[in-house]
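Here is the structure we will look at.
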Amino acid sequence: MRIVSICPSNTELLAFLNADHLLVGVDDYSDWPKSIEQLPRLGPDLSIRMDEVEALAPDLVLASLSVPGMEKNIEELKKRKIPHLILDPQSLADIRHDLETVAEAIRFDSSPILAEYDAAIAELKKRGDSATSSPSLYWEWWPKPVFTPGGVNWLSEISRLVGARNCFEDEETANIQTDWEAVRQREPDFILLAWVGIMTSKVKPEFVLKRPDWQSMKAIEQIHVMEEALFCRPSPRLIEGAIKLGKLVHPQAFEDFPLPSFIKEKQSHL
């Protein structure tokens, strides 16, 4: 079977199903696992070169609606009658469902990964529930203008899972354009920078220190750069991100949390 993925989270999902060897092409931003390094690149996820996709003669394209603007990819796939699946996960349960859906489409067995995935979430919740405090987290997706996730988002979910809370979780939407004053008024305990599409080394915490009245915020000693690949992509790698978050906000409860074998196994091939 010949599969094309046009979104990093879909590429990672295939890898967790041990089906990455079926890939014949990926988008420019897919960078994990190592097995995809030599595959043809088909353009950034918002500007996929569909002529090149079609030339690969895929049996299935894994498409996505996880980022606004991806709709035009779907329209073009439909127009060209290229077989495709559309994934649009917003939660850990959605990611689980997508694992099942893709596994069924490619006739793979998803039960081993699903069992480990469920066990990891249950253990995260158990430890998060044992925490004696619930720190407030400000997640920054983009610095200018300021974008942050709302309550309908996996970052709010993993925050709750590890015994914390997104300070914008009361906003019933996936993401919000806001401003620094609104953030400051919510007085978060942690400022977590996970800029979408930006490598960790390029994220600049000093941007925060140039904003008005930052000195008065209690979180100013708790500014952290969070890996884009572990927090901004709706794939099973969010579990690794959740473990890292737990160790940051509740170190006593999470310090000995082992990396699940389904993640460790993939990392061993990197």
Side-chain angles (χ1 to χ4, degrees), residues 1-33 35-118 121 152-154 157 174-175 196-197 229-239 262-263 266:
M1 190 172 198
R2 298 171 60 82
I3 302 178
V4 166
S5 169
I6 55 175
C7 174
S9 56
N10 290 350
T11 305
E12 293 169 10
L13 187 147
L14 266 180
F16 282 110
L17 289 170
N18 292 316
D20 41 307
H21 63 284
L22 300 178
L23 284 164
V24 295
V26 294
D27 65 281
D28 287 359
Y29 298 142
S30 285
D31 56 6
W32 190 95
S35 62
I36 68 165
E37 282 184 354
Q38 303 305 316
L39 290 176
R41 299 287 164 161
L42 303 167
D45 53 8
L46 294 179
S47 302
I48 297 295
R49 297 186 293 274
M50 285 296 170
D51 286 345
E52 295 177 30
V53 173
E54 194 167 22
L56 289 171
D59 299 301
L60 181 67
V61 174
L62 291 184
S64 176
L65 289 173
S66 63
V67 176
M70 288 179 167
E71 295 84 0
K72 64 180 181 181
N73 291 332
I74 311 298
E75 292 168 6
E76 194 65 22
L77 288 167
K78 290 178 178 177
K79 178 181 175 183
R80 295 170 184 251
K81 296 182 170 56
I82 300 173
H84 61 278
L85 275 178
I86 305 167
L87 307 181
D88 185 19
Q90 297 295 332
S91 67
L92 295 176
D94 290 345
I95 293 168
R96 187 189 196 282
H97 179 263
D98 288 347
L99 283 164
E100 289 185 292
T101 300
V102 174
E104 183 178 348
I106 64 175
R107 298 182 176 86
F108 270 53
D109 181 11
S110 62
S111 55
I113 174 68
L114 294 179
E116 290 193 63
Y117 185 79
D118 292 344
I121 291 173
V152 187
N153 185 271
W154 58 82
E157 184 176 10
N175 58 78
V196 177
L230 300 184
F231 294 96
C232 298
R233 302 177 184 179
S235 93
R237 294 183 79 193
L238 285 176
I239 298 297
F262 73 91
I263 296 174
K266 281 298 169 188

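Residues Met50 and Asn73 share a closest heavy-atom pair of CE-O, 3.5 Å. Considering every non-hydrogen atom in both Ser30 and Thr11, the closest pair reads OG-OG1, 2.7 Å. Here the closest heavy-atom approach between residue Ile36 and residue Pro33 is recorded as CG1-O, 3.1 Å. In terms of heavy atoms, Asp27 sits closest to Cys7 at OD1-N, 3.0 Å. Here the closest heavy-atom approach between residue Leu42 and residue Asp28 is recorded as N-OD1, 3.7 Å. Nearest heavy-atom pair across Gly25 and Leu56 is CA-CD1, 4.0 Å.
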task = Mind running side chain to side chain contact (heavy atoms under 4.5 Å, CB included) on Ser66 and Arg233 for me, showing each step along the way?
result = CA-CA 9 Å; Ser66 63; Arg233 302 177 184 179; over 6 Å; no
message = Using the rule given for side chain to side chain contact (heavy atoms under 4.5 Å, CB included), can you reason through Asp88 versus Met70, listing the C-alpha separation, both sets of side-chain angles and the distance that settles it, and then say yes or no?
response = CA-CA 10 Å; Asp88 185 19; Met70 288 179 167; over 6 Å; no
key: CA sep, side-chain torsions, deciding dist, call: Val4, Val24, side chain to side chain contact (heavy atoms under 4.5 Å, CB included)   = CA-CA 6 Å; Val4 166; Val24 295; 3.8 Å; yes
key: side chain to side chain contact (heavy atoms under 4.5 Å, CB included) between Ile106 and Asp59, worked out   = CA-CA 10 Å; Ile106 64 175; Asp59 299 301; over 6 Å; no
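One finds the NE2 atom of His97 at 10.5 Å from the OG atom of Ser110 (value rounded to the nearest 0.5 Å). To the nearest 0.5 Å, the span separating CG on Asn175 from CG on Asn153 amounts to 7.5 Å. To the nearest 0.5 Å, atoms CG (Asp31) and CD (Glu12) are separated by 7.0 Å. Note that CZ of Arg107 is 7.0 Å distant from CE of Met1, once rounded to the nearest 0.5 Å. Rounded to the nearest 0.5 angstrom, Ile239 CD1 and Ile95 CD1 are separated by 7.5 Å. With values rounded to the nearest 0.5 angstrom, Leu60 atom CG is found 10.0 Å from Leu22 atom CG.
Distance alone, capped at 3.5 Å, is enough to place a donor-acceptor pair between the Asn10 side chain and the Ala63 backbone. Proximity of a side-chain donor or acceptor of Arg49 to a complementary backbone N or O of Arg41 within less than 3.5 Å is detected. A distance-only check finds no donor-acceptor pair linking the side chain of Asp45 to the backbone of Ile6 [under 3.5 Å]. Checked by atom type and distance alone, the side chain of Glu157 pairs as donor or acceptor with a backbone atom of Leu92 at under 3.5 Å. Using a distance-only test at 3.5 Å, with no hydrogens or angles considered, no donor-acceptor pair links the side chain of Glu100 to the main chain of Asp98.
Taking a 6.0 Å sphere around CD of Glu104, one finds it holds 12 or fewer heavy atoms contributed by other residues, nucleotides or ligands. Residue-environment remark: OH (Tyr29) stays at or below the threshold of 12 foreign heavy atoms within 6.0 Å.
Among pairs with a residue in residues 3-25, those fulfilling ring-ring contact (aromatic ring centres under 6.0 Å, His included) read Phe16-Trp32, Phe16-Phe262, at least two apart in sequence or across chains. Identified under the ring-ring contact (aromatic ring centres under 6.0 Å, His included) test for residues 45-83, with sequence neighbours left out: none.
Residue Trp154 forms a side chain to side chain contact (heavy atoms under 4.5 Å, CB included) with just one option from Pro234, Ser91, Ser235, and that option is Pro234. For the side chain to side chain contact (heavy atoms under 4.5 Å, CB included) criterion with Leu85, the lone passing option out of Leu77, Val61, Leu62 is Leu62.
Annotation: side chain of Asp109 is in contact with side chain of Ser111 (closest heavy-atom distance under 4.5 Å). Inter-residue side-chain proximity for Val196 and Val67 is flagged as unmet; no heavy-atom pair is nearer than 4.5 Å.
For Ile86, the side chain to side chain contact (heavy atoms under 4.5 Å, CB included) partners are Leu65, Ile74, His84, not counting sequence neighbours.
A salt bridge is absent between Lys72 and Glu76: the closest approach of a Lys/Arg side-chain nitrogen to an acidic carboxylate oxygen does not fall below 4.0 angstrom.
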